[in-house]
Protein chains: 2
Amino acid sequence: MTLDEISSTAVRLMEASGVEGLSMRKLAAELNVNPMSLYHHVESKDALLALICATAAERMHMPPDDGAPWQEQLMALALAYHRHAKEHPAIWGYLHTHPRLIADRRLPIWQTLYRILRLAGVPDPELRRTSDILHAFVSGFILAETQGHMSDDPEEIGRTFDAAIQLIIGGLASATS
Amino acid sequence: MTLDEISSTAVRLMEASGVEGLSMRKLAAELNVNPMSLYHHVESKDALLALICATAAERMHMPPDDGAPWQEQLMALALAYHRHAKEHPAIWGYLHTHPRLIADRRLPIWQTLYRILRLAGVPDPELRRTSDILHAFVSGFILAETQGHMSDDPEEIGRTFDAAIQLIIGGLASATS
DNA sequence: ACCTGAACACCGTTCAAGT
DNA sequence: ACCTGAACACCGTTCAAGT
């Protein structure tokens with residue numbers, strides 16, 4: 001039994017029945033192993049969830065720099081992030097309620113966001129603050145969506161997401177002009 | 001033993017040791033009562049938490065209409081909300097991860113926000129969407145803050161919060177002009 | 001080094017019985 | 001109507017013992 005097997009089985013359980021559907025005991029049963037054996041590969045349940053989130057954040061595919069205006073690139077990044085979160089709702093739901101787990105600035109998401117914000121004219125000393133704000137905003141949106149606070153109609157949610165990003169773009173433009 | 005006693009004791013436990021510090025069994029012990037007695041006053045733990053959140057949302061004090069420009073009133077509302085959330089971090093942490101619990105449009109927070117957005121020139125059919133976006137943004141910010149994703153320095157957090165609201169104001173201004 | 005079983009200290013909640 | 005004790009079906013994790 002490897003760490004990879006453990007974490008991919010845990011991901012399967014989460015995708016099947018949410019974070020609350022993942023327990024160390026169920027995970028062990030799924031792997032035909034004693035619950036305590038897991039603790040030889042992972043320090044705790046929290047550590048396992050942190051590992052799963054870190055892996056998901058690392059693997060997230062980022063849109064490349066296509067030379068388009070920053071407004072378009074920011075919209076593309078937001079849409080990619082949103083799509084990714086919707087494809088793995090359990091993991092990203094957990095991650096957005098534990099924002100520490102995505103704090104590592106070397107992650108592709110932050111590198112890409114920094115590049116686009118520089119393009120938008122955000123000065124270097126403001127990059128950290130501005131990227132924190134934008135990520136908090138998008139996190140809050142996705143959390144509201146996954147918790148069913150938004151409309152039930154996916155098209156209306158799409159329009160609302162668009163409007164949200166347009167609002168951010170307008171705000172950034174007015175701050176840097 | 002009344003519902004009020006139950007919920008105010010539950011709030012005390014939450015403020016002392018977070019949501020995870022509240023259990024039906026500890027709550028019963030605190031009230032010198034059998035754990036099962038609680039279920040004669042409350043349907044479930046979730047229902048109790050929903051009641052606590054609803055009460056907190058209703059009681060939130062809103063800044064009055066002082067005739068100031070919408071930008072100032074929106075900033076004042078955001079600051080009041082932020083302050084309130086910081087004073088009761090456990091309740092608002094739970095509420096922001098369960099946004100359904102603040103969905104009731106009759107709550108003072110929504111009434112006030114609608115009034116200010118109308119002042120800002122947001123057309124009536126857009127009020128619902130725009131207020132959802134703004135609330136999601138502020139929720140995401142507060143969640144990031146309470147989870148320790150933001151800076152440790154309260155002054156820096158204050159500056160970041162200011163910048164966040166200025167960004168929203170700039171975005172609203174560019175959308176309605 | 002890796003795995004195990006028994007146990008500890010908890011949970012929320014059901015159910016039948018008491019007053 | 002309100003409260004109770006015992007029980008059910010779970011948790012995460014510690015610890016001592018096995019190979």
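Chain naming here is simple, since letters A, B, ... match the order of the sequence lines and numbering starts at 1 in each.
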Gap between atoms [atom1] and [atom2], on [X] and [N] respectively (whole Å):
X: B:Glu20; N: D:dG12; atom1: CD; atom2: C1'; answer: 14 Å
X: A:Leu48; N: D:dT13; atom1: CG; atom2: C1'; answer: 14 Å
X: A:Glu43; N: D:dT13; atom1: CD; atom2: C1'; answer: 12 Å
X: A:Met24; N: C:dT4; atom1: CE; atom2: C1'; answer: 15 Å
X: A:Ile6; N: C:dC3; atom1: CD1; atom2: C1'; answer: 12 Å
X: B:Leu38; N: D:dG5; atom1: CG; atom2: P; answer: 13 Å
X: B:Tyr39; N: C:dA16; atom1: OH; atom2: P; answer: 18 Å
X: B:Met1; N: D:dA1; atom1: CE; atom2: P; answer: 16 Å

- Provide the distance between the two P atoms, one in C:dC10 and one in D:dA9, to the nearest whole Å. 22 Å
- Determine whether B:Leu172 and B:Leu117 make a side-chain contact, defined as any pair of heavy atoms from C-beta on separated by less than 4.5 Å. yes
- Give a yes or no on whether a salt bridge exists between A:Asp132 and A:Arg105, defined as a side-chain N under 4.0 angstrom from a carboxylate O.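 Salt bridge: yes.
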- Query: B:Lys45 side chain: which of C:dT13, D:dT4, D:dT13 is closest?
  - Reply: C:dT13
- Taking the side chain of B:His40 as its heavy atoms from C-beta onward, which of D:dT4, C:dT13, D:dT13 lies nearest to it?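 Nearest to the side-chain atoms of B:His40, counting from C-beta on, is D:dT4.
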Just say parallel, tilted or perpendicular for the rings of [X] and [Y], cut-offs at 30° and 60°.
X: B:Trp92; Y: B:Tyr81; answer: perpendicular
X: A:His149; Y: B:His135; answer: perpendicular
X: B:Tyr94; Y: B:His98; answer: parallel

- Applying a 3.5 Å limit to both distances, which nucleotide forms a Watson-Crick or G-U wobble pair with C:dC10?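 No nucleotide pairs with C:dC10.
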- So which nucleotide does C:dA16 pair with, by the Watson-Crick or G-U wobble rule with both distances under 3.5 Å?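 With both distances under 3.5 Å, C:dA16 matches D:dT4.
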Phosphate OP1/OP2 of [N]: any [X] side-chain N/O under 4.0 Å:
X: A:His41; N: C:dC3; value: yes
X: A:Ser37; N: C:dC2; value: no
X: A:Lys26; N: D:dC11; value: yes
X: B:Asn34; N: D:dC3; value: no

- Message: Base, sugar-phosphate or nothing for A:Met36? Non-hydrogen atoms, less than 4.0 Å.
- Response: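 It contacts base atoms.
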- Task: Check every strand shown and say whether A:Ser23 touches a base, only sugar-phosphate, or nothing at a heavy-atom separation below 4.0 Å.
- Result: sugar-phosphate
- Query: At their closest point, which heavy atom of A:Ala50 faces which heavy atom of A:Leu101, and how far apart are they?
  - Reply: CB-CD2, 3.7 Å
- Message: Within residues 88-97 of chain A, which residues have any heavy atom lying less than 4.0 Å from an atom of DNA chain C?
- Response: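 Correct list: empty, so none.
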- For A:Asn32 and for A:Arg25, locate the closest nucleotide of DNA chain C by heavy-atom distance; then report the residue assigned to the nucleotide nearer the 5' terminus.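 It is A:Asn32 whose nearest nucleotide is closer to the 5' end.
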- Query: Should we count CD of B:Glu87 as having more than 12 external heavy atoms under 6.0 Å?
  - Reply: yes
- Message: Using the rule that Ile, Leu, Val, Met, Phe, Trp and Tyr join whenever any side-chain heavy atoms are under 4.5 Å apart, tell me whether B:Phe137 and A:Val138 fall into a single cluster.
- Response: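 The answer is yes; both residues are in one hydrophobic cluster.
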